[in-house]
Amino acid sequence: MTAAPWLAEDILEVATGLLGWRLVSEVDGERVSADLVEVEAYAGETDPASHAFRGPTSRNASMFGPPGTLYVYRSYGIHWCMNVVGREPGVARAVLLRGAKIVEGFETAARRRGRRDHLADGPGKLTQALGVTGALDGHDLGRAPLRLVGPGRAVGGVVTGPRVGISKATNRPWRFVADGWAD
DNA sequence: TAGACGATGACCT
DNA sequence: GGTCATCGTCTAG
């Protein structure tokens, strides 16, 4: 796996391909890196659980952007959640980044989170640890202050299951969790 | 313009 | 394991 996973044909390939890739945040000049271990795929207009199911709005506009774009939205009025846009502009397909393992900048992440455990094992926690907010909505993940770099670590296996926290299209097993590392 | 709800997380038991 | 805080966004009227 050397090509950017968000260029894959199928959004499910994009999702699994992202596992093991490294998020490098330099928000506020503080570097925090995290390896992706949990993602979910959303298929835009054909997926009732997707924010883009009803077409573009001001909120989800960046979801219709080019591959490698970051889509950030506020959840429950409290948390920020981030997605990687996959495939061509105009087709809303995205991968929700649900969890990662902090591999660099532990102290910064811990300070932002206000605790030293459970730093990035949920979508809202991940964005908080990396300093990601709505200000980065529409950001190009090939550039600072937030980059997605790879090829990633080889995952030992991929566990699939139903997506979390949604009420529509719950039958689609589009949640992907890395089952340890191969190396 | 008002009402409903949500791709969650923290805290308490 | 269960409950609740909290507010941006969408939709209907």
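Sequence lines set the chain letters: A, B, ... in the order given, protein chains first and strands last, and positions in each chain run from 1. If you're wondering where the values come from, they're calculated on a predicted model, not measured in any experiment.
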(message) Rounded to the nearest 0.5 Å, what separates atom CZ in A:Arg98 from atom CG in A:Asn83?
(response) 11.0 Å
(message) Nearest whole Å is fine: how far is B:dA7 C1' from A:Trp80 CH2?
(response) 15 Å
(request) Give the rounded distance in Å between these two atoms: CD of A:Gln128 and P of B:dA10. (result) 7 Å
(message) Need to verify one output field. Residue with the more 5' nearest nucleotide on DNA chain B, A:Asp121 or A:Lys168?
(response) A:Lys168
(message) For A:Val158, is there any backbone N or O sitting under 3.5 Å from a side-chain donor or acceptor partner on A:Asp179?
(response) no
(message) How many whole angstroms separate atom CZ of A:Arg59 from atom C1' of C:dC7?
(response) 12 Å
(message) Under a 4.0 Å threshold between the charged nitrogen and the carboxylate oxygen, would A:Arg22 count as salt-bridged to A:Asp35?
(response) yes
(request) Starting at atom NE2 of A:His79, determine the distance to atom C1' of B:dT8, rounded to an integer number of angstrom. (result) 4 Å
(request) Indicate, with a heavy-atom threshold strictly under 4.0 Å, whether A:Arg74 touches base, sugar-phosphate, or nothing. (result) sugar-phosphate
(request) Respond yes when some side-chain nitrogen or oxygen of A:Ser75 is under 4.0 Å from OP1 or OP2 of C:dG8, and no when none is. (result) no
(request) With A:Glu107 as reference, evaluate A:Arg112, A:Arg116, A:Arg113 under the salt bridge (charged side-chain N to carboxylate O under 4.0 Å, His left out) test and give the passing residue. (result) A:Arg116
(request) Considering just the side-chain nitrogens and oxygens of A:Arg113, establish if one lies under 4.0 Å of OP1 or OP2 belonging to B:dA10. (result) yes
(message) Looking at A:Asp137 and A:Arg59, is any side-chain nitrogen of the basic one under 4.0 Å from a carboxylate oxygen of the acidic one?
(response) no
(request) Answer yes or no: does a side-chain N or O of A:Ser58 lie under 4.0 Å from OP1 or OP2 of C:dT9? (result) no
(message) Suppose we call a contact any N or O donor and acceptor under 3.5 Å apart; does that hold for the side chain of A:Tyr73 and the base of B:dA7?
(response) yes
(request) Compare the minimum distances between each of B:dA10, C:dT11, B:dA7 and the side chain of A:Ser50, then state the nucleotide with the smallest one. (result) B:dA7
(request) For A:Glu40 and A:Val95, indicate whether the former's side chain and the latter's backbone hold a donor-acceptor pair under 3.5 Å. (result) no
(request) Specify the separation, in whole Å, of atom CD1 of A:Ile11 and atom P of B:dA7. (result) 17 Å
(message) Let me check I have this right: for DNA chain B, each base becomes ., (, ), [, ] or |, based on Watson-Crick or G-U pairs with both distances under 3.5 Å. What is the full string?
(response) ||||||.|||||.
(message) Without decimals, in angstroms, what is the distance between A:Arg163 CZ and B:dG6 C1'?
(response) 15 Å
(request) Let me know the distance between OH of A:Tyr71 and C1' of C:dT9, rounded to the nearest Å. (result) 10 Å
(message) A side-chain contact here means heavy atoms from C-beta on lying under 4.5 Å apart; do A:Asp140 and A:Thr69 qualify?
(response) no
(message) Using the six-membered base ring of C:dA5, report whether A:Tyr76 stacks on it, requiring centroids under 5.5 Å and planes under 30° apart.
(response) no
(request) Among the candidates C:dC10, B:dG9, C:dA5, find the nucleotide nearest to the side-chain atoms of A:Ile78. (result) C:dA5
(message) How many whole angstroms separate atom CG of A:Asp137 from atom C1' of B:dA7?
(response) 15 Å
(message) Within the 4.0 Å heavy-atom criterion, would you say A:Arg175 contacts the bases, only the backbone, or no part of the nucleic acid?
(response) nothing
(request) Determine the contact category for A:Met63: base if any of its heavy atoms lies under 4.0 Å from a base atom, sugar-phosphate if only primed atoms, P, OP1 or OP2 are that close, otherwise nothing. (result) base
(message) Minimum heavy-atom separation for A:Ala4 and A:Trp21, please, with both atom names.
(response) CA-CH2, 3.8 Å
(request) Classify the nucleic acid contact of A:His51 as base, sugar-phosphate or nothing, counting any heavy atom under 4.0 Å across all strands shown. (result) base
